[in-house]
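Counting convention: from 1, in listed order, for ligands and their atoms alike. The model shown is predicted, which means the values in this text are computed figures rather than measured ones.
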Amino acid sequence: MRRNTAAALFAAALLASPLASAATISISCGAVGQELELCRQGADAWAQQTGHQVNIISTPNSATERLALYQQMLAAGSGDIDVYQIDVIWPGILATHLLDLSDKVPADVIGQHFKAIVDNNTVGGQLVAVPWFTDAGILYYRKDLLEKYGKQPPQTWQELSAIAAEIQEGERAAGNASMWGFVYQAKAYEGLTCNALEWIDSFGGGALVADDGKITANNPAAAEALTWAASTVGTIAPQGVLNYTEEESRGVWQSGNAVFMRNWPYAWALGNAPDSPIAGQIGVSALPKGGPDGKHTGTLGGWQLAVSKYSKNPDVAADLVVFLTSAAEQKRRAIQGAYNPTIESLYQDAEVLDAVPFFGSLYDTFVNAVARPSRVTGGRYNQVSSEFFNAVHEVLSGKAKAEDALASLEARLDRLSRGGRW
Ligand code: GLC
């Protein structure tokens, strides 16, 4: 009798303690800039609050490599990762492996996020991922150097080339042999797709595939854009840019060796950190236009959190997703890391705007960013993007002329889509 009572008491205690049903949730986080650290802090706070445990899995920085890894794990039905950080272009590619989160995230919470991103993450009526942060390409410039040479931030890419060349030359003559005019991302990977889409769209050359599926990649404005981009390699940009992802360009920029950089907002917080040689000297604007008749374009990027269908603890995993994508977490990440919230009201938050003033001044750039054609091309998007970045890389490295590369790209996309029927 006694023993039975003790056993019952023990069982009751187990049930009452949060650890009784404690689960360990594995989450894959990006590791670009401060991503991993911010993810760990958020996940730890959730673990503390719920009594569950979190295992953080760091993934390759290149979105292209990360997707390959995810596809391998998911195709094997692996439950090793419960929560996946997925790119804005992946819902269509990964949807079959992801849980529908519609009934796990309260409707009023989902309603706080930008509708366009929620729509993007809804595949076949299922909410397969919750928006975490959004992104758009922006132009970073050195305020001190522009001032020294009496320049304004460039309005067109051609102007950028001229200013970059002049300052690069002047600074080299003044003793900084390592100075470059412009750094960006031109390695053959997803980041080059983002950069090249910005050039092409800003020249009026469209976004590769129209919303109705028609392939528009091969046109004179696109050729003009790529020809301009190729002219930067080895002149205002180092030859090595052909192998740069986000972090390599930030490395050159943040050590004070570039006048301009194309990157995502995260580079703001790191560039202004107390130990950064260029802290306080950084200006940010929309990316230049492709000539006076062109337009300012930034590619839409961003990351979501999704729960794997193979998770052994889907409800607990979804609870972590709700916590990490909450307004409080998004605000913390915006202030500490300059990660753009996906919750609209945070763009009016005084503390957020104080930490990252361009979330206010470039608000239009963020909400009007040009999307890669991932919705219309669905499960084939990754092949479309690979064909595109490889073609662009050939042009940038001087192996092909823009016109020829675009014509053969068009033929390949045509085959891939069976004549535009994605
Ligand atoms: C950023 C963007 C993402 C994009 C990637 C390319 O992480 O948020 O959408 O695919 O850069 O490098």
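Less than 4.0 angstrom separates some heavy atom of G301 from each of these atoms of ligand 1: 2 (C), 8 (O), 9 (O). Set against the non-hydrogen atoms of E190, the atoms of ligand 1 under 4.0 Å away are 10 (O). Near G191, meaning under 4.0 Å from one of its heavy atoms, ligand 1 places the atoms 6 (C), 12 (O).
For Y363, there are no side-chain hydrogen bond (donor to acceptor under 3.5 Å, both in side chains) partners, not counting sequence neighbours.
For atom 8 (O) of ligand 1, the closest non-hydrogen atom of the protein is D135 OD2, 2.5 Å. Scanning the protein heavy atoms around atom 7 (O) of ligand 1, the nearest turns out to be W303 NE1, 2.9 Å. Remark: minimum distance from atom 10 (O) of ligand 1 to any protein heavy atom is reached at D87 OD2, 2.5 Å. Among all protein heavy atoms, the one lying closest to atom 12 (O) of ligand 1 is E246 OE2, 2.6 Å.
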Task: Worked verdict on T297 versus L287 for side chain to side chain contact (heavy atoms under 4.5 Å, CB included) - done: CA-CA 6 Å; T297 295; L287 287 167; over 6 Å; no
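Seen from the ring of Y184, R262 does not count as a face-on cation partner, given the 6.0 Å and 45° thresholds.
Counting heavy atoms closer than 4.0 Å to ligand 1, residue Q185 contributes nothing at all. Neither the backbone nor the side chain of Q85 comes within contact range of ligand 1; no heavy atom lies under 4.0 Å.
Proximity of F133 to ligand 1 is not established, as no heavy-atom distance is less than 4.0 Å.
Salt bridge absent: E169 and R172 never bring a charged side-chain N and a carboxylate O closer than 4.0 Å. Taking a cutoff of 4.0 Å between a charged side-chain nitrogen and a carboxylate oxygen, R250 and E247 qualify as a salt bridge.
Tested against H97 for a side-chain hydrogen bond (donor to acceptor under 3.5 Å, both in side chains), the candidates Y70, Y310, Y84 yield a single pass: Y310.
Side-chain contact check for P238 versus V252: every heavy-atom pair is 4.5 Å or farther apart.
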Table please: side-chain donor-acceptor pairs of residues 396-403 below 3.5 Å, with sequence neighbours left out.
{"unit_1": "S397", "atom_1": "OG", "unit_2": "H393", "atom_2": "O", "d": "2.5"}

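Checked by distance only, ligand 1 and G302 come closer than 3.5 Å through their nitrogen or oxygen atoms.
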